[in-house]
Amino acid sequence: MHVGPARKEQGSQREILPCLQARLDCRAGMSATTAGVANGFVQGNLAILPERFAAAFHRFCQLNPKPCPIIGMSDVGNPRIPALGLDLDIRTDLPRYRVWRDGEVVEDPTDISEHWRDDLVAFVLGCSFSFEEALMADDLPIRHIERNVRVPMYRTSIACSPSGPFAGPMVVSMRPFKPADAIRAVQITSRFPSVHGAPVHLGHPHSIGIADIAKPDYGDPVPVEADEIPVFWACGVTPQAVIAAAKLPFAITHAPGLMLVTDLRNKQLAVL
């Protein structure tokens with residue numbers, strides 16, 4: 001997939017595109033949600049693992065493409081992924097990270113340079129923020145963007161297909177819609193299989209193991225009005241639930257809702 005430069009000529013000036021500006025903001029300390037940031041550009045979830053776990057995790061993603069669609073992968077020990085951005089540095093270009101030891105989060109830094117090792121492999125997974133642009137273009141409201149909070153995410157009773165040490169529950173993100181809008185949301189997001197595609201569940205949260213819709217496991221709660229239903233998409237935070245279950249000795253992920261902004265364009269991911 002071709003990625004153009006993150007700057008373009010405009011007269012005698014070089015304009016910085018929103019994707020690069022988002023990464024520069026992260027390098028400067030921006031640590032807020034990236035929902036609605038750099039519209040038009042693909043955002044990604046992050047999982048960084050020691051090389052000895054990389055093959056098993058790669059297979060886990062292949063077995064579970066709805067929550068874990070790979071859009072980029074680094075070489076061993078290389079913090080750059082040119083296919084996603086020529087000037088992208090995985091160590092500095094997200095708003096906030098999570099450092100995991102033995103399945104527990106021990107730190108949530110804004111820069112992981114001091115944690116980087118020569119045996120690490122970075123995986124970037126597609127994010128539902130990409131299809132939100134298409135939903136908003138069709139005048140479908142996105143509540144967490146309206147309220148400037150993180151999307152609510154939940155661990156479910158839906159089991160992922162295991163691979164090596166990686167096994168556990170699927171995590172889903174939720175957006176409330178009126179029923180007619182929910183049908184349209186299914187149609188629109190089906191065009192984007194590399195960023196989770198169509199929903200995995202509509203309505204009845206308890207039937208997928210969600211006890212209280214007002215208490216997400218990750219992100220922030222948003223209200224579901226009386227004339228709306230909750231719509232659930234597979235979520236790229238799933239690796240974090242799996243890393244916790246596997247009690248890996250070391251891993252790094254993004255903080256939920258605080259993503260990597262790439263130079264890919266959302267329209268490149270549409271299959272129709």
Side-chain angles (χ1 to χ4, degrees), residues 1 3 42-86 88-94 97-107 109 112-128 130 153 155-156 158-172 192-197 200 218 233-256 259-260 262-264 269:
M1 188 177 294
V3 179
V42 173
Q43 298 191 27
N45 304 273
L46 179 66
I48 301 174
L49 306 168
E51 182 184 12
R52 65 191 177 102
F53 296 111
F57 183 75
H58 188 270
R59 184 169 183 270
F60 177 82
C61 294
Q62 290 178 317
L63 292 171
N64 299 278
K66 289 285 281 187
C68 302
I70 296 175
I71 60 171
M73 182 177 172
S74 76
D75 291 329
V76 180
N78 187 349
R80 302 185 183 278
I81 307 177
L84 300 182
L86 296 178
L88 183 153
D89 189 329
I90 213 73
R91 300 168 297 185
T92 59
D93 289 3
L94 281 77
Y97 302 81
R98 285 179 153 188
V99 179
W100 299 74
R101 296 190 187 276
D102 301 318
E104 300 287 341
V105 177
V106 296
E107 192 178 343
I112 57 167
S113 297
E114 67 180 55
H115 296 286
W116 190 259
R117 305 183 336 201
D118 290 341
D119 69 329
L120 295 180
V121 179
F123 294 85
V124 179
L125 310 177
C127 171
S128 56
S130 287
M153 295 161 274
R155 287 191 296 271
T156 71
I158 304 170
C160 294
S161 298
S163 172
F166 301 104
M170 181 186 296
V171 175
V172 296
F192 296 90
S194 58
V195 286
H196 306 307
V200 295
Y218 314 92
W233 280 266
C235 177
V237 173
T238 297
Q240 300 192 27
V242 171
I243 286 169
K247 300 188 183 302
L248 293 191
F250 180 75
I252 301 172
T253 67
H254 68 293
M259 320 300 292
L260 173 70
T262 77
D263 288 357
L264 301 180
L269 302 184

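C68 SG to Q62 CD: the interatomic distance, rounded to the nearest 0.5 Å, is 11.5 Å. In this structure, W100 CH2 and L248 CG are separated by 9.5 Å, a value rounded to the nearest 0.5 Å. With rounding to the nearest 0.5 Å, the separation of CG in D75 from CD in E51 is 10.5 Å. Here the CG-CE distance, from L125 to M73, works out to 11.0 Å after rounding to the nearest 0.5 Å. Atoms CG and CD1, on L49 and I252 in that order, are 9.5 Å from each other to the nearest 0.5 Å. The structure places CD1 of I81 at 6.5 Å from CG of L88, a figure rounded to the nearest 0.5 Å.
Side chain of W116 to backbone of G77: a donor-acceptor contact under 3.5 angstrom is found. The backbone N or O of R91 lies less than 3.5 Å from a partner atom in the side chain of Y97, making a donor-acceptor pair. Looking only at distances, a side-chain donor or acceptor of N45 sits under 3.5 Å from a matching main-chain atom of G126. Within the 3.5 Å criterion, the main-chain N or O of P79 finds no donor-acceptor partner in the side chain of S74.
When all heavy atoms of V124 and G44 are compared, the closest pair comes out as CG1-CA, 3.8 Å. Heavy atoms only, all atoms of each residue included: L63 and S163 are closest at CD1-CB, 4.2 Å. In terms of heavy atoms, H196 sits closest to A234 at CG-O, 3.1 Å. Summarising the geometry of P249 relative to R52, their closest heavy-atom pair is CG-NH2, 3.6 Å, with the distance given to 0.1 Å. For H254 against L94, the heavy-atom pair with the smallest separation is CB-CD2, 3.4 Å. The two residues L264 and A83 make their nearest non-hydrogen contact at CD2-O, 3.7 Å.
For the pair S113/T92, a side-chain contact is recorded, criterion being any heavy-atom separation below 4.5 Å from C-beta on. The side-chain heavy atoms of N64 and T238, taken from C-beta on, include no pair separated by under 4.5 Å.
Checking R155 against Y218 by side-chain atom types alone, a donor-acceptor pair falls below 3.5 Å.
Between F123 and F57, the ring planes are perpendicular. Angles over 60° get that label, and only those under 30° would be called parallel. Using bins of under 30°, 30° to 60° and over 60° for the plane-to-plane angle, the ring pair F166/F53 lands in the perpendicular bin.
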In sequence, state the C-alpha distance, the side-chain angles, and the governing distance for R80 and D89, and then conclude on side-chain contact (heavy atoms from CB on, under 4.5 Å). CA-CA 5 Å; R80 302 185 183 278; D89 189 329; 3.6 Å; yes

Candidate pair V171 and Q240, rule side-chain contact (heavy atoms from CB on, under 4.5 Å), full reasoning: CA-CA 9 Å; V171 175; Q240 300 192 27; over 6 Å; no

